[in-house]
Amino acid sequence: MRKTRDGVPMLSGEAVNDARADIGQNGQPEVLMNMTPAGSRKWAKMTAANIGRQVAMVLDDYVCSAPVVQGEITGGGTSITGSFQIEDTQDLANQLKAGKLPAPTRIVEEAVVGPSLGQEAINQGLYSSLAGVVIIMLFMAFYYGRAGVVADIALLFNIFLILGVLAQFGTALTLPGIAGLILVMGTSVDANVLIFERIREELDHGLSLTDAINKGYSRAFSAIFDSNVTTMLIAVILGFFGTGPVQSFAVTLGIGVLTSFLSAVFVSRLIIEWMVKGNENHPMTFNTAISRNLFKNLNFDIVGKRKLAYTFSAIFIIVGFAVMAYQGGPNLGVDFKGGRAYVVDFNKTMVASDVADKIRPVFEGAGLEVKQYGSPDRLRITTGYLAEDESPVADKKVVAALNQGLQAYSADAPVIKSTSKVGATIADDIKRTSVLSLGLTLLGIFVYVLFRFERWQYSMAAVVALFHDALLVIAAFPIARLFGLNYEMDQIFVAALLTVIGFSMNDTVVIYDRIREYLRENPKLTFAQVVNPALNSTFSRTMITFTTVFLVVFVMYVFGGETLRSFSFAMIIGVIFGTYSSLFIATPIILDTYGKKEERERLARGEDVTGVDAGTPKLSQANV
């Protein structure tokens with residue numbers, strides 16, 4: 001191929017303004033290419049001087065096409081024809097447009113999944129989703145009666161909306177996306193739980209059915225709005241800084257937040273008001289015989305146990321990180337340390353440690369981890385061998401080394417079902433963006449809570465509690481390794497960590513909202529005197545939401561497959577500790593930092609309670 005005296009092409013890809021696949025006048029596929037003004041002038045001279053000769057179009061030292069020049073081309077508009085299929089013209093158009101990039105391309109992150117393994121993941125995601133929906137619907141109907149059935153209808157409508165939006169934008173529903181969908185199902189009923197618990201309270205205060213419904217939706221709105229904003233904040237941060245599976249999870253979560261708000265606040269209200277319209281004696285129920293007196297008249301001294309909770313959390317975190325140090329550091333996945341991972345199937349049950357001993361020599365001392373992956377006859381082999389080399393040649397060399405190591409098991413028919421690769425550079429980027437995502441999430445929540453509740457104690461306590469939750473989940477992983485539960489910390493783990501923060505923040509915001517309400521309605525009581533009543537009055541909602549989300553993530557853990565095992569395990573631990581911290585950490589920290597001077601000023605100033613609705617709970621020192 002002819003080049004200039006400097007050894008460069010006569011015309012570079014920068015001259016290509018655009019290229020697209022099209023159908024010509026003769027009905028045959030073609031590629032239409034447009035040049036920049038400067039490129040058009042050079043192109044005219046080149047084509048005029050080379051009529052009847054071929055022009056090679058080269059990308060990364062590979063000749064994509066070599067059409068024959070039919071005549072001088074002026075104006076930059078060029079039609080490339082030949083024995084093309086439609087796919088050929090699309091590929092060539094993409095290659096011409098990619099040629100505008102001045103740097104060569106290299107694959108820094110790659111995943112290849114075999115068809116049988118992919119179908120298995122699809123089935124696992126489908127079964128998890130169906131089981132999650134059934135469990136939530138049964139629980140809501142069991143606990144809230146007819147109102148629970150309305151919540152179930154709203155849930156189905158919500159799922160329909162999510163799938164419709166994903167289809168409209170052509171978004172692929174990957175396995176992490178299915179995890180996001182399952183989680184949305186678990187949290188979407190939380191808004192209905194808030195509303196129904198409020199309605200039950202108003203009915204207990206003697207309001208009529210219609211008034212209780214109106215008051216319940218009105219009073220629950222601020223807590224629902226705040227909890228959705230914090231979850232959306234997390235979805236945006238994950239979507240912006242995450243890559244691959246994390247982005248899929250974030251997109252589904254973000255869409256789910258919007259559709260859940262619509263279905264819970266508007267759709268369920270529309271159905272309930274239509275059912276009771278003009279009939280105060282309508283048999284609409286917000287409880288059943290079993291749930292009617294459940295969580296009634298609670299008087300737990302929750303804040304009185306705060307020092308015990310502080311001690312437990314400190315011991316758990318210290319022990320967890322000490323065990324992690326003893327184990328040689330966190331069990332990071334390929335996403336964070338770089339390398340290659342292979343899922344290998346055998347025709348019988350394999351012992352992971354024996355396989356590791358056999359193949360370790362072929363990787364020349366590089367890091368190696370072998371563990372069971374979903375079934376006894378399937379192993380996941382992860383190695384840092386040639387992690388710094390991201391070339392295709394290195395990929396082939398690592399696979400060749402793996403096959404050499406597996407020759408000892410040739411009678412067991414080992415087959416590589418899937419591969420994944422993350423270059424060392426992109427692994428460093430993922431670690432950096434993960435830490436940045438966590439930091440930005442905590443900062444965003446601090447600012448939002450400060451804006452909504454107007455006291456720094458609320459923001460500080462919320463962030464400390466959320467950071468505490470993250471540390472507890474991280475500490476749980478090395479402790480779990482002691483009992484044979486060996487899960488990696490990867491991008492999906494980070495998504496789980498931030499989702500746990502969102503779940504915990506939802507619960508905390510609901511409690512904060514009730515504390516603020518009680519302080520406004522009882523201006524002569526101190527903060528300490530309203531904390532326990534606020535925690536006890538929201539306890540039922542806390543436990544119901546915990547139950548629904550826990551059931552969903554447990555189903556995901558059982559049926560979701562090995563790909564989501566780390567995510568669902570982190571969620572199970574996070575849901576437990578998130579609920580615990582909302583009760584025993586977040587609010588008690590406010591109590592311990594609430595200034596006596598601020599308290600005296602609030603009591604002296606008093607807050608205007610004129611116009612407070614009849615039936616609003618009034619507290620006294622006697623019932624605190």
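Computed from heavy atoms alone, side chains included, the values below leave out hydrogens, waters and symmetry copies.
Ring-plane geometry between Phe312 and Phe316 is classed as tilted, the angle between the planes lying from 30 to 60 degrees on a 0 to 90 degree scale. Between Tyr557 and Phe569, the ring-plane angle classifies as tilted under the 30° and 60° cut-offs. Phe221 and Phe261 have perpendicular rings, their planes meeting at more than 60° on a 0 to 90° scale where under 30° would count as parallel.
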Stepwise ring-ring contact (aromatic ring centres under 6.0 Å, His included) test for Phe477 and Phe493: CA-CA 11 Å; Phe477 269 62; Phe493 169 79; 4.8 Å; yes
Are Ile511 and Ser582 close enough, and set up right, to give a side-chain contact (heavy atoms from CB on, under 4.5 Å), and what steps lead you there? CA-CA 8 Å; Ile511 296 172; Ser582 298; 4.1 Å; yes
The test is side-chain hydrogen bond (donor to acceptor under 3.5 Å, both in side chains); show your working for Tyr512 and Asp226 and say whether it passes. CA-CA 10 Å; Tyr512 282 6; Asp226 288 335; over 6 Å; no
With side-chain contact (heavy atoms from CB on, under 4.5 Å) as the criterion, how do Thr548 and Phe139 come out once you've worked through the C-alpha distance, each side chain's angles and the decisive distance to 0.1 Å? CA-CA 8 Å; Thr548 56; Phe139 179 84; 3.6 Å; yes
With side-chain contact (heavy atoms from CB on, under 4.5 Å) as the criterion, how do Val463 and Ser459 come out once you've worked through the C-alpha distance, each side chain's angles and the decisive distance to 0.1 Å? CA-CA 6 Å; Val463 170; Ser459 294; 5.5 Å; no
Might you work through the side-chain contact (heavy atoms from CB on, under 4.5 Å) test for Met350 and Tyr409, ending with a clear yes or no? CA-CA 10 Å; Met350 304 299 295; Tyr409 299 96; 3.4 Å; yes
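Counting only heavy atoms from C-beta outward, the side chains of Leu442 and Phe467 approach each other to under 4.5 Å. In this structure, Tyr458 and Ile590 have side chains that are in contact, with non-hydrogen atoms separated by less than 4.5 Å. At a threshold of 4.5 Å between non-hydrogen side-chain atoms, the residues Leu379 and Val343 do not count as touching. Between Tyr143 and Leu138 the shortest side-chain heavy-atom distance does not fall below 4.5 Å. Residues Lys417 and Val344 have side chains not in contact (no heavy-atom distance under 4.5 Å, counting atoms from C-beta outward). Under the 4.5 Å side-chain criterion, counting only non-hydrogen atoms from C-beta, Phe346 is not in contact with Arg378. Annotation: side chain of Arg541 is in contact with side chain of Asp507 (closest heavy-atom distance under 4.5 Å). Between Asp377 and Asn347 there is no side-chain heavy-atom pair separated by less than 4.5 Å.
How far CG of Leu258 is from CG of Asn228: 8.0 Å, rounded to the nearest 0.5 Å. Rounding to the nearest 0.5 angstrom, the gap separating the CZ atom in Arg514 from the OG atom in Ser222 is 9.5 Å. For the atom pair Leu471 CG and Ser581 OG, the distance stands at 11.5 Å (nearest 0.5 Å). The structure places OG1 of Thr538 at 9.5 Å from CG of Leu194, a figure rounded to the nearest 0.5 Å. With rounding to the nearest 0.5 angstrom, the CD1 atom of Ile234 is 9.5 Å from the CG atom of Leu438. The line from CZ of Phe577 to CG of Leu472 is 5.0 Å long, rounded to the nearest 0.5 Å.
What you find for Val473 and Gly574 is that their closest heavy atoms are CG2-CA, 3.8 Å. Here the closest non-hydrogen pair linking Ser313 and Ile585 is OG-CD1, 4.0 Å. When every heavy atom of Asp152 is checked against every heavy atom of Ala141, the shortest pair comes out as OD2-CB, 4.0 Å. Ile359 and Phe363 make their closest contact through O-CD1, 3.7 Å (heavy atoms, listed as atom of the first residue, atom of the second, distance). The nearest pair of heavy atoms linking Pro588 to Leu583 is CD-O, 3.5 Å. When all heavy atoms are compared, the tightest approach of Ile237 to Leu440 is CD1-C, 3.8 Å.
Just one residue in the list Leu406, Val399, Val398 forms a side-chain contact (heavy atoms from CB on, under 4.5 Å) with Leu402, and that residue is Leu406.
Without hydrogens or angle criteria, Ser504 side chain to Val500 main chain gives no donor-acceptor distance under 3.5 Å. Thr259 places a side-chain N or O within 3.5 Å of a backbone atom of Gly256 that can act as its donor or acceptor partner. Looking at Asn158, its side chain never comes within 3.5 Å of a backbone N or O of Ala154 through a donor-acceptor pair. Between the side chain of Glu197 and the main chain of Ser540, no donor-acceptor pair closer than 3.5 Å is present.
Taking the six-membered ring wherever Trp is involved, the centroid distance between the rings of Phe321 and Tyr326 does not fall below 6.0 Å.
Here Arg481 pairs with nothing under the salt bridge (Lys or Arg N to Asp or Glu O under 4.0 Å) rule; sequence neighbours left out. Residues satisfying the ring-ring contact (aromatic ring centres under 6.0 Å, His included) test with Phe300, not counting sequence neighbours, are Phe539.
Within 6.0 Å of CZ on Phe225 lie no more than 12 heavy atoms contributed by other residues, nucleotides or ligands. At most 12 non-hydrogen atoms from other residues, nucleotides or ligands lie less than 6.0 angstrom from CZ of Phe554.
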